[in-house]
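Quick note on labels: first sequence line is chain A, next is B, and so on, each numbered from 1.
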Amino acid sequence: MKKVYTVLKDNYEDAGQASRDIKMTLKMLEINPKVLKRISIACYEAEINLVIHSNGGTITFELDDDGIVKLSFDDTGPGIENIELAMTPGYSTASKEAREFGFGAGMGLDNMKNCASTFDIQSSKDGTHLRMTFQ
Amino acid sequence: MKLREILEIIDGKEVYVDDERVYDIDFKSAFGSDLMSDALCHLRDADETELLITGLANMQIFHTASTLDLAAVLLVRGKNVDEHMIKGAKMSNISLFVTNYTMYETCGRLYEKGLGK
Ligand SMILES: Nc1ncnc2c1ncn2[C@@H]1O[C@H](COP(=O)(O)OP(=O)(O)O)[C@@H](O)[C@H]1O
Ligand SMILES: [Mg+2]
């Protein structure tokens, strides 16, 4: 199974809807609730990052035959200059607007990494590519 | 602690009830924050017995609550709850309550009476 969602920059209104759809899809497939919770948390945090930090991009959700869930977040920039720094809990460049929106605690990437079975992030000026798997 | 008691302690009002069974839940604890990432981090292992208390009046409180498998959100400082908010609660299957007390007073009152102590 594969689904692709488009996420727009600064679309605060619809932020979280792709993650909700992915959660609903997995819920119907009766996946382990503990794993589902971790997928939902990581997916939601990553979706919010696309909205508040990136120029927009896509979320790709895949479920393979072995029951492994793969989530990919691909945006078109501006990229993360220092990934190690960005991963540090508490580090955030979130705007005032993002903070008023309820995000920008600098805990997102660290939380995602803790929730996922595998976590890989690559970034350049042309975009950030985040891949997580869950099992 | 049951919701009836919680609402009594903070003069809370029901705004939207998604499932009447929310009144049967025995709440064990609560988490108060306006930063949803904070909740998403701290409540990784939470369930419906956790009450999310927040002053943030936007859709993200419902996305957060539903991501965390919570059942109810309590909005502090009598935030004017419009139709849009109710629609959001409905979409996420979250029950919404409101109090006029500030975050500080709301948490203080509930903690004093034993919620999460
Ligand atoms: N998709 C992205 N594009 C550009 N920068 C990003 C992206 N995701 C994360 N970042 C950078 O990494 C930092 C840390 O992200 P995160 O841990 O999610 O915290 P927060 O979103 O609360 O700032 C962000 O403040 C931002 O500078
Ligand atoms: Mg983030």
Is it the case that more than 12 heavy atoms not belonging to [X] sit under 6.0 Å from its [atom1] atom?
X      : atom1 : result
A:K2   : NZ    : no
A:R131 : CZ    : yes
B:K2   : NZ    : yes
A:E81  : CD    : no

Shortest non-hydrogen contact from [X] toward [Y]:
X     : Y      : answer
A:K23 : B:S66  : NZ-O, 2.5 Å
B:L35 : A:A105 : CD1-CB, 3.9 Å
B:L40 : A:N111 : O-ND2, 2.9 Å

At what distance, to the nearest 0.5 angstrom, does [atom1] of [X] lie from [atom2] of [Y]?
X     : Y      : atom1 : atom2 : value
B:S37 : A:D110 : OG    : CG    : 11.5 Å
B:N93 : A:R20  : CG    : CZ    : 8.5 Å
A:K34 : B:R44  : NZ    : CZ    : 13.5 Å
A:I41 : B:D69  : CD1   : CG    : 8.5 Å

Residue [X] versus chain B: region with a heavy atom under 4.5 Å:
X      : value
A:F103 : both
A:C43  : neither
A:Q17  : both
A:I39  : neither
A:F101 : both

Pairwise ring-ring contact (aromatic ring centres under 6.0 Å, His included) hits with a residue in residues 104-135 of chain A, at least two apart: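 Qualifying pairs, neighbours excluded: none.
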
Where at least one partner belongs to residues 64-92 of chain B, residue pairs that pass ring-ring contact (aromatic ring centres under 6.0 Å, His included), sequence neighbours excluded: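 For residues 64-92 of chain B, and leaving out neighbouring residues, there are no ring-ring contact (aromatic ring centres under 6.0 Å, His included) pairs at all.
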
Residues 3-14 of chain B: residues contacting chain A (heavy atom under 4.5 Å, by number):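 Residues of residues 3-14 of chain B touching chain A at under 4.5 Å: none.
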
Per-residue contacts, residues 52-64 of chain B versus chain A, heavy atoms under 4.5 Å: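 Hits under 4.5 Å: B:L56, B:N58, B:M59, B:Q60, B:H63, B:T64.
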
Do [X] and [Y] sit in the same hydrophobic cluster, where Ile, Leu, Val, Met, Phe, Trp and Tyr count as joined when their side-chain heavy atoms come under 4.5 Å apart?
X      : Y      : answer
A:Y12  : A:L8   : no
A:L71  : A:Y5   : yes
B:L51  : B:M85  : no
A:L29  : A:M132 : yes
A:M107 : A:L109 : no

Greatest number of heavy atom pairs closer than 4.5 Å to chain B - which of A:A15, A:G108, A:P89: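 When all of A:A15, A:G108, A:P89 are compared, A:A15 has the most.
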
Basic-acidic side-chain contact under 4.0 Å: B:D47, A:K37: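 Salt bridge absent between B:D47 and A:K37.
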
